[in-house]
J.: 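Let me give you the structure first, and then I'll get to my questions.
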Amino acid sequence: MGSAWRCAHEDYNQTGMILKRIELLREVSPQVDRLLHDLSSYGNLILIGGAVRDLAESRTPRDYDIIVDAPDTRFAEAFSRFSYKQNRFGGYKLKVDGIEFDIWGIQSNWAFRERLLAPNFENISKGVFFNFDAVSFHLQWQNLDCTYFMEAINSRVLDILLDDEVVWKNPTPEVNVVRAWKIHKTRGLQFSDRLRNYIREWAATADNPQERLVEAERKHYGDGSQLSYDDYSQLLSHVKA
């Protein structure tokens, strides 16, 4: 997978595939097309995370995470024809034609909300927890940012991007640990020493860490939950080895 990826601005391989798949999605679903059109009236749209990887590799995403580059984070008018929920971090979750969307104003992004970085497209990838998840695509600029993602793929190492002084400010450590194990299982990336230490430190302070991880996976992935108590016991043994 890594050799097929390039992140230069002038590279049209992944960019072209992403644009083609988005255009197809809009053609197949007029409701999705209307949603994206209405959201773009607030500001530029930035696709982030797993959906970018899946689209570039010609796979169907599990869901779509979109950041709206706008000072206003109230998008109720764009959602008026859909059923949606707002989470405690300021993001919106909705389903359109059976497709799940998680939508955030750029000011609601965790790293920007905590003022760790200036809120702009170039910093989105720098503010994610893992290098593997540091991939974003600016729909209007047609610009793919995947430098840190490529470092993960080429080195085959999953690592934490955040600086030491802010890593424990991240509000979802259980989800981070679940995500790490899923990436290891599905993509074969090995843990960096820093990530191993992070998981060990979290587990040492958690009451029944295996159950906490099973519950975190269920809440975060819903019907996509696949790992068991024993799987997470294996994870904790893995980081101690």
J.: What's the separation between atom CD in Gln107 and atom CG in Asp69, rounded to the nearest 0.5 Å?
T.: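 Reported value, rounded in 0.5 Å steps: 8.5 Å.
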J.: Does any N or O in the side chain of Asp33 come within less than 3.5 Å of the main-chain N or O of Ser29, such that one atom is a donor and the other an acceptor?
T.: no
J.: Out of curiosity, Arg53 CZ to Leu47 CG, how far, rounded to the nearest 0.5 Å?
T.: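 So the gap between those two atoms works out to 11.0 Å.
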J.: Run the numbers on Ser233 and Gln210 for side-chain hydrogen bond (donor to acceptor under 3.5 Å, both in side chains), then give the verdict.
T.: CA-CA 6 Å; Ser233 294; Gln210 293 93 331; 3.2 Å; yes
J.: Check Asp38 against Ala78 and note the closest heavy-atom contact, atom names and distance.
T.: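 Heavy-atom minimum between the residues: CB-CB, 3.9 Å.
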J.: Can you tell whether the side chains of Arg218 and Glu215 come within less than 4.0 Å, N to carboxylate O?
T.: yes
J.: Within a strict 4.5 Å, meaning less than it, do heavy atoms of the Lys219 and Val175 side chains meet?
T.: no
J.: Can you name the nearest heavy-atom pair linking Leu162 to Lys126, along with the distance?
T.: CD2-O, 4.3 Å
J.: Hey, could you give me the CD1/CD1 distance between Ile103 and Ile67, rounded to the nearest 0.5 Å?
T.: 11.5 Å
J.: Checking Arg179 against Ile183 for the side-chain contact (heavy atoms from CB on, under 4.5 Å) test, could you report, in this order, the C-alpha distance in whole Å, the side-chain angles of both residues, the deciding distance, and whether it holds?
T.: CA-CA 6 Å; Arg179 180 91 184 113; Ile183 293 170; 3.8 Å; yes
J.: Could you tell me whether the side chain of Asn120 and the main chain of Asn123 form a donor-acceptor pair under 3.5 Å?
T.: yes
J.: Please list, chain by chain and in numerical order, all residues satisfying salt bridge (Lys or Arg N to Asp or Glu O under 4.0 Å) with Arg200, sequence neighbours excluded.
T.: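 So Arg200 forms no salt bridge (Lys or Arg N to Asp or Glu O under 4.0 Å) with any residue.
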J.: With sequence neighbours excluded, what pairs up with Arg212 under the side-chain contact (heavy atoms from CB on, under 4.5 Å) test?
T.: Glu174, Trp202, Ala206
J.: For Arg34, I'd like to know if atom CZ has over 12 heavy atoms of other residues, nucleotides or ligands within 6.0 Å.
T.: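 Not buried by this count: 12 neighbours or fewer within 6.0 Å.
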J.: From Phe130 CZ over to Leu195 CG, what is the distance, rounded to the nearest 0.5 angstrom?
T.: 5.0 Å
J.: Are Trp181 and Val178 connected into the same hydrophobic cluster when the rule is that any two of I, L, V, M, F, W, Y join if their side-chain heavy atoms are below 4.5 Å apart?
T.: yes
J.: Quick check on side chain to side chain contact (heavy atoms under 4.5 Å, CB included): which of Ile48, Ile46, Leu36 does Ile66 satisfy it with?
T.: Leu36
J.: Are Ile160 and Ile153 linked, directly or through intermediate hydrophobic residues, by side-chain heavy-atom contacts shorter than 4.5 Å (ILVMFWY only)?
T.: yes
J.: Side chains of Phe137 and Ile22, heavy atoms from C-beta outward: is any pair under 4.5 Å?
T.: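 No, too far: nothing below the 4.5 Å cut-off.
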J.: How about Leu55 and Met17: do any of their side-chain heavy atoms sit closer than 4.5 Å?
T.: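 Side chain of Leu55 against side chain of Met17, heavy atoms only: no contact under 4.5 Å found.
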J.: Which of these, Arg21, Arg59, Arg62, sits in a salt bridge (charged side-chain N to carboxylate O under 4.0 Å, His left out) with Asp54?
T.: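 Looking at Arg21, Arg59, Arg62, the match for Asp54 under the salt bridge (charged side-chain N to carboxylate O under 4.0 Å, His left out) is Arg59.
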J.: Let's go through Ile199 and Leu236 carefully: what are the C-alpha distance in whole Å and the side-chain angles of both, what is the deciding distance for side-chain contact (heavy atoms from CB on, under 4.5 Å) to 0.1 Å, and is it a yes or a no?
T.: CA-CA 8 Å; Ile199 296 173; Leu236 299 181; 4.2 Å; yes
J.: Same cluster for Val68 and Phe82 if Ile/Leu/Val/Met/Phe/Trp/Tyr side chains link at under 4.5 Å?
T.: yes
J.: Quick one: sort the Phe121 and Trp141 rings into parallel, tilted or perpendicular, breaks at 30° and 60°.
T.: perpendicular
J.: Taking the inter-plane angle between the rings of Phe75 and Tyr42 on a 0 to 90° scale, is it parallel (under 30°), tilted (30 to 60°) or perpendicular (over 60°)?
T.: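 Answer is perpendicular, since the angle exceeds 60°.
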J.: Step by step, would you call Val135 with Leu144 a side-chain contact (heavy atoms from CB on, under 4.5 Å)?
T.: CA-CA 7 Å; Val135 55; Leu144 176 65; 4.0 Å; yes
J.: Is the closest basic N to carboxylate O distance between Lys185 and Asp231 below 4.0 Å?
T.: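 No salt bridge links Lys185 with Asp231.
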J.: Are the side chain of Arg156 and the backbone of Arg187 linked by a donor-acceptor contact shorter than 3.5 Å?
T.: yes
J.: Hey, any chance Trp110 and Trp168 share a hydrophobic cluster, counting ILVMFWY side chains that come within less than 4.5 Å of each other, even indirectly?
T.: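 In one cluster with Trp110: Trp168, yes.
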J.: Determine, stepwise, if the pair Glu151 / Asn131 fulfils side-chain hydrogen bond (donor to acceptor under 3.5 Å, both in side chains).
T.: CA-CA 7 Å; Glu151 290 177 0; Asn131 54 0; 5.9 Å; no
J.: Hey, could you give me the OH/CG distance between Tyr229 and Leu213, rounded to the nearest 0.5 Å?
T.: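 The CG atom of Leu213 is 10.0 Å from OH of Tyr229, to the nearest 0.5 Å.
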J.: Which is it for Glu114 and Val166 under the side-chain contact (heavy atoms from CB on, under 4.5 Å) test, yes or no, and what are the steps along the way?
T.: CA-CA 10 Å; Glu114 294 292 319; Val166 301; over 6 Å; no
J.: Treat each ILVMFWY residue as a node, draw an edge where side-chain heavy atoms are under 4.5 Å apart, and state whether Val167 and Val128 are in one component.
T.: no
J.: Does the ring center of Phe129 lie less than 6.0 Å from the ring center of Tyr198?
T.: yes
J.: In this structure, are over 12 heavy atoms from other groups packed under 6.0 Å from Glu77 atom CD?
T.: no
J.: Quick check: closest heavy atoms across Asp159 and Ser192, and the distance to 0.1 Å?
T.: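 Smallest heavy-atom distance, with atoms named: OD1-OG, 2.7 Å.
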J.: Please check if the side chain of His184 supplies one atom and the backbone of Gln190 the other of a donor-acceptor pair under 3.5 Å.
T.: no
J.: Mind listing the closest non-hydrogen atom pair of Gly90 and Ser108 along with its distance?
T.: O-OG, 3.9 Å
J.: Write down the atom of Ser125, the atom of Leu161, and the distance for their closest heavy-atom approach.
T.: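 Nearest pair, atom of Ser125 first, then Leu161: O-CD1, 3.4 Å.
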J.: Quick one: pull up NE2 in His238 and CZ in Phe191 and give me the separation to the nearest 0.5 Å.
T.: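 Spacing of NE2 (His238) from CZ (Phe191) equals 5.0 Å.
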J.: Mind checking what makes side-chain contact (heavy atoms from CB on, under 4.5 Å) contact with Asp102, not counting sequence neighbours?
T.: Asp63, Asp65, Lys93, Trp104
J.: Flag yes if more than 12 heavy atoms outside Phe112 fall under 6.0 Å of its CZ atom; otherwise flag no.
T.: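 Yes - once you tally the heavy atoms of other residues, nucleotides and ligands closer than 6.0 Å, there are more than 12.
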